[in-house]
Each structure stands twice: as structure tokens, then as C-alpha cells.
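Taking it in order: structure first as C-alpha cells, then the write-up.
No hydrogens, no waters, no symmetry mates; every other heavy atom, side chains included, goes into these values.
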Amino acid sequence: MVLKSKIIIVLTVVLLLTIGTSAAVVLRVQTKMLIDSKLKDVEVLSDLIERSITDAMESGRTADVQKILENIGKNQEITTLRILSTSGGIMKSKSPDEIGLKAKEYTLANSDHQKQPILNEEAITYFKPISNKPECYGCHNKEVKTAGIIQIKYDMSRSKNDIMSIKRFLVFSNILSVLAVAIILSIMFSKLILKPLKNVLSAMKEFEAGNWEAKAHATGNDELGIISRAFNKMTDEVRGLHEKSLRKEKELSKIKLDLDHKRKLEELNAQLQFKVKEVETANKTVVTLSKEVKSKNVELEKMIERLRRINDVGKMLSSIIETDELIKLIIKTTAELLSAGRGAIYLKRNEKPSLTLKYHHGIGVEDFGDVALDFKPIYSELMDNGSPLIIHEKDTARKNSFGINNSAIGVPLKMKGQVIGAMLLEDKLDGASFTDDELELLTTLANQAMVSIENAWLYERVKTNYFATIQSLVNALEANDRYTKGHSERVRYLSVELGKYIGLDYREIEVLEHAAILHDIGKIGIDSMVLHKEGKLTANEYGLVKAHPLIGDEILGPIDTLAGVRTTIIQHHERYDGRGYPYGIPGDEISLKARILAVIDTFDAMLTDRPYRRSLTLFRAKEELKQGAGSQFDPYVVNAFLDMFEAREEELLMTSGYNLSLPE
């Protein structure tokens, strides 16, 4: 399994480097091409402006120059459009207020009046001199070669956002590629390594049981194929020696019967002694080879069992990406696999509190939160030296030094070459001491566990950034509405807390969190005059408002991965009694996540001002939820929310940003 882990790690790293380098090169080339394209657009625009100005001057329409700049400057991506004098003064501008001021960006760095553009990630600033032509002599001295300088500043921020979208896509593509390679390698390892090993072991057992014709099927030229052929060659030699021994015995018997006199008998005796020695040598060889076969058989059995255990643990760990659940499974599975009475795992996490979990046989795993263990002698030894250690039952001095009751084994936990924690197992259930083989197995399991933990942490970082991006977009949409500003963020927080309280798993929590952030995204398609109306809505206006779940579903429709989110959003205004919208489905036909979102959405709406009413008191809001239980809301969800709120009221109100002075 060590070889398998190394191969998978090396291939994964090579794949990551290859894909990452390719993505970086593609992104760099695309960025360069985008800047070059925009620069060409600016150059074409400056030529167009120069020709328009020349035409206006030629026809005597000097006042049209300002209009030309103002019309072209309506493009939001053109933040600055001016005509400067050779000294840097602003003669014309898309913003008339600037006329007469000094251009800060302009310097007389060279004789051609800064024809070189100024490039950066945010904008392109371009200067183009206007030649003093006969058409311009009416306003400019004919002795002057340059009548003015066109200054254009082109905003690149929107294009930069496109580049960032491509970058995020490349990150997700790299992650999916690495996961696919890891799965394929695991499958190929099981097929190409474990199966041939079982074949060799089966042949050895048959040979040991007396089947002299037993053969190991060698199908390749790798190490396993060489072992299989060596085994087959050995069995052939043993079988040949056995047959040779039988033949010699038959020859001796025949010689004894054919002896007719003493001389011949003496000759035959000499031959017989020689044959006997050959038989004895052959028998010794058979015994020696038989012992070797048994020894190799035992070693192979141990190796296969260890590989099977590691493979089982690896499959379990690869199926979990939630960090806390993953670490609990690691310490529990490792302790049970090595028959340890007690175990502990300690991790130091960057920018987060440390994590300590302890396992006790018969009790399970306990979370000790951010209790640090690196001050204890044995953990300091593991983390400072960065090497595994084993403490035997009879090693009294080390046991007393480290505070160990019986035998113990421990390994440091490393990530990217840095020690970030340790795992310790104590007190074997059978009372024996831990062995070096068990320490080696623990080291292998720890390495495999750290790969899973690193993947889980990476997933958490990507998830956090993803939700932060979505929340920022929703906050931007809510920023212009003083009534719903911060609404989705509060609904998100309370929905996730209630989902955890009810017992949803982490996958359902993610769907609920998505839906809570985006549940009102459909209101983008509704006229703001309707949404902000202070009086009672007309039937047509109310029909428009009721369409926002369907609009939200249509907006998110192209995103295949948000199917569960779309279902929750489209159902969050359904009623428990079947009188909701848009489809009027009742009871348990509404998803549990939509029923949770319905309660939280209504609760936040009651505690905040709306165009048609003032906010309700906290006491009144709770009473409204109780009255709506069984009709508008799922009574189970309402009771769970009120129970959670009663236990954590001040914390929930403060974290959500509600006014704690709300009257009860």
C-alpha cells in the first residue's frame, strides 16, 4: 500500500503541475490577447475621433467637437475622453466640468507626446496627437505641428471579471481531473496487484496441501509475474526431486534382487550408498524449500491482509469531505483496526483553532474542541522530531516519562512536509504490546488520512469562497432596497442553523444554504415599483410577485448542479395546507428544506420593516409562527425553530444582526 500511495501521489502531483501550468499559460495568453484586442479597439476609436474632428473643423462645425466627445463618451467602458493641449490642459472632454483643468496623467515624457499607451490590469490610457492640418488653421496657429492630443482611458474591469470566471472554471476542472485520476488508480491497483497476489497465495496453499500440480498463473512481466514464475519453477524442481527419489528407490530394489554374488553385491552396495546420499541430499533440499514456501506464504498472507485493510479504510475516507466527520472516522477506524483501547488525534489548523478528538473503546469519539495537546511530552516528542515512535509494555522509563499506562504507538501528521499534528494509540485490548508492523500500518494509515484531510480542507476553502461570491452578488442586488438589505444573509444563517439542529446531513445543508442565499433571485424580473409599493397590491401586481419563485427557477435552470436548490427555491412559498404558490402542493410533498426556508423567510420578514407595514415585535413574530403551524407552516419545523431559538435566542439575534432591544 505504501507503493500504491507513492505512485498515486506522484502521478497526482504531476497531473496537478501539468494541468495547473497549462491553465496558467492559457490564462496568461488569454489575458495578453484581451489587452491587445482592447488596445486595437482604442486605437481604432482614436482614429475615428480624429477623422470626426477633422470633418467638423473642415465644415466649420467647431461646436460639434464637444458633442462628438460626449456622444462617444456615453460608452460606460470609456471612463475618460479628452482633447488636451500640448501642455496638458484639457480643451475638450466628455465631462464639460473638466475643461480648463490640467490632465494629471499627461506628462511631456518624450517628443511625440506620449504616443505609447499606459497599460495595467484595470484600464488602458491612450494618447494620440492630432496633426495641425489646414482645416484647423482657423483655431490653431499654422506654425504649430500638433493641434492637440486625444486622451482615451478604457476601463478593463469588466474584462477582468471574465478572466476571473475562466480562472475559477480552471480551478474546478483541475479538482475534478485529480479526483478522477485518484479513483482510476485505486481501481487499477486492485485489479493489477491484489488479484495476482491472491492467485499466488491460492497456488501456495494447494501446493502445501499436497497438490504437486498446483500452478500460479503468470499473466505479466511485472514483479508479481516474476514471483509467480519463480514459484512455478520451484514446484517443478520439488516435484522432479520427488519423482527422482522414487525412481532411485525402485532401482535399488531391482539391484538387490539381481545380485548373484559377492563382488556384484559389493559394487551394488557402493552404488547404493552413493544413491542413498543423493536421496538424503534431495530430501534435505525438499525440507528446506518447504520451509521457505511456508515462510513466504505467511508473509504474503500478512501483506495481503494489510493491503485489504488499508484499501477498505481508503474507500471509507474518500467518500467523506466534511472535515469534522472525516477526522472522527479516522481516529475511530484506526483505533478499532489496531485494537487500541484509547486513541487521540490532534491537529493545528492555520487561521483556525486547533482540533482535538479522543477515542475510548466502548464509548466512541469525543470532541475536545481547541484544547491543545502539543504541550504534553509525548505529543511534543512526535511533533518536534517528526518521526513515529513505539513504547513497549516493558519500557518502564519511557512510559513514566511520557505518562503512558501500557504500550503505545504514535505518528506525526504531516501536510506538505510540515508537521501539523499527531495521532496516538494506547492500551491494546488484548493487553499485549504494539508491534513494529502495527506502527508501520499506523504510519501508512496516517499518510492516507492526511491526503483525505487536505482534500477536505481544500474543499472547505473552495466552498467558503464560492458562497462568499454568491452572497456578495445577492448583497449587491439587495443594496438598493432598504427593506430587504441583508435579508438573504440573515435567512442563510438561520436556515443553516435550523437545518443542523433538525439533523440534516452536510450535503442537504449545502443545498439549503444555496437556496437561502438565492431564494429571492427571481425578484430581479419584477418591477421595483411593485416590490416597493406601500399600499395594497392589485390582483395583477400580486400575480407578478407570486411569479418570482418560477423566475428564480428559470434563472438557475442552466446550472445542472443546482437541481436540488431550484426545487427548494420554487417551493419556499408553498403552504403546508396546500394553499401556497406557485403549484399549491401540500404537506410532505414539499421538500423539508423548502419547509425550513418558508419558516425562516417569514420570520425575517416579520422582524424587518416592509413598504406596506412596520416590523413586528419578537413576541408577535413567534405567535404568528405558532398560529401558522399546521396551515401555512410545517408544525415540526416551527416547533424545532422555537426550541432552538429559546435555547440560543441572544446568540441568534446578535449574529443575525437583529435589534436585541426588540420588545417581547
pair Glu646-Leu642: side-chain heavy atoms closer than 4.5 Å
no
Close side-chain approach of Leu653 to Leu618, heavy-atom, < 4.5 Å
yes
Kindly state whether the ring of Phe603 and the ring of Phe645 have centres lying under 6.0 angstrom apart.
yes
Residue pair Asp604, Leu494: steps toward the side-chain contact (heavy atoms from CB on, under 4.5 Å) verdict
CA-CA 9 Å; Asp604 182 77; Leu494 291 176; 5.6 Å; no
I'd like to know if the side chain of Thr617 reaches the main chain of Arg620, judged simply by a donor and an acceptor atom lying under 3.5 Å from each other, with no hydrogens or angles considered.
yes
Hey, is the main chain of Ser591 close enough, under 3.5 Å, to the side chain of Gln571 for a donor-acceptor pair?
yes
Ring pair (Phe, Tyr, Trp, His ring centres under 6.0 Å) against Phe633, all qualifying residues, sequence neighbours excluded
none
Side-chain contact, heavy-atom cut-off 4.5 Å: Ile569 with Arg566?
no
Using the test side chain to side chain contact (heavy atoms under 4.5 Å, CB included), find all partners of Ile555 that sit at least two apart in sequence or belong to another chain.
Ile521, Ile551
If you take all heavy atoms of His572 and Pro549, which pair is closest and at what distance?
CE1-CG, 4.4 Å
Check the pair Glu489 / Arg492 against salt bridge (charged side-chain N to carboxylate O under 4.0 Å, His left out), numbers first and verdict last.
CA-CA 5 Å; Glu489 197 161 359; Arg492 169 195 181 186; 5.7 Å; no
Is the closest side-chain heavy-atom distance between Tyr576 and Ser631 below 4.5 Å?
no
Measuring from His514:NE2 to Leu518:CG, what's the distance to the nearest 0.5 Å?
7.0 Å
Take Lys153 and Ile124 through the test side-chain contact (heavy atoms from CB on, under 4.5 Å) and record every step on the way to the result.
CA-CA 6 Å; Lys153 188 173 183 180; Ile124 299 174; over 6 Å; no
Set out, in order, the CA-CA distance, both residues' side-chain angles and the distance that settles side-chain contact (heavy atoms from CB on, under 4.5 Å) for Leu45 and Ile72, then state yes or no.
CA-CA 9 Å; Leu45 179 60; Ile72 295 176; 3.8 Å; yes
What's the separation between atom CD1 in Ile53 and atom CG in Leu48, rounded to the nearest 0.5 Å?
9.5 Å
Distance-minimising heavy-atom pair for Ser495 and Leu512:
O-CD2, 3.2 Å
Is any side-chain heavy atom of Asp601 less than 4.5 Å from a side-chain heavy atom of His487?
yes
Could you check whether any side-chain N or O of Glu574 sits under 3.5 Å from a backbone N or O of Tyr583, counting only pairs where one atom can act as donor and the other as acceptor?
yes
So, do His573 and His519 have ring centers that fall under 6.0 Å from each other?
no
Would you indicate whether the side-chain heavy atoms of Tyr126 and Gln151 approach each other to under 4.5 Å?
no
Between the CD1 atom in Ile570 and the CD1 atom in Ile590, the distance rounded to the nearest 0.5 Å is 12.5 Å
Glu623 and Lys626 ion-paired at < 4.0 Å
yes
With sequence neighbours excluded, residues passing side chain to side chain contact (heavy atoms under 4.5 Å, CB included) with Val637:
Leu498, Leu592, Arg595, Ile596, Val599, Asp634
Does Asp505 come within less than 4.0 Å of Arg507, counting only side-chain N to carboxylate O?
no
Donor-acceptor under 3.5 Å (Ser93 side chain, Ser95 main chain):
yes
Val491 and Asp520, any side-chain heavy atoms less than 4.5 Å apart:
no
Is the shortest side-chain N to carboxylate O distance from Lys500 to Glu508 below 4.0 Å?
no
Can you list everything that forms a side chain to side chain contact (heavy atoms under 4.5 Å, CB included) with Arg648? Sequence neighbours excluded, please.
Tyr493, Glu497, Met644, Glu651, Leu652
Between Lys546 (side chain only) and Gly580 (backbone N and O only), is there a donor and an acceptor less than 3.5 Å apart?
no
List the residues meeting side chain to side chain contact (heavy atoms under 4.5 Å, CB included) with Ala598, not counting sequence neighbours, and say none if there are none.
none
Within the 4.5 Å heavy-atom criterion, are Ile152 and Arg82 side-chain neighbours or not?
no
Working to the nearest 0.5 Å, report the span between CD of Glu650 and OG1 of Thr655.
10.0 Å
To the nearest 0.5 Å, tell me how far Ile83 CD1 sits from Lys128 NZ.
12.5 Å
Out of curiosity, Ile99 CD1 to Ile90 CD1, how far, rounded to the nearest 0.5 Å?
8.5 Å
If you take all heavy atoms of Ala515 and Leu597, which pair is closest and at what distance?
O-CD2, 4.1 Å
Holding to side chain to side chain donor-acceptor pair (under 3.5 Å), I want the full list of residues that pass it with Thr80, two or more places apart in sequence or in another chain.
none
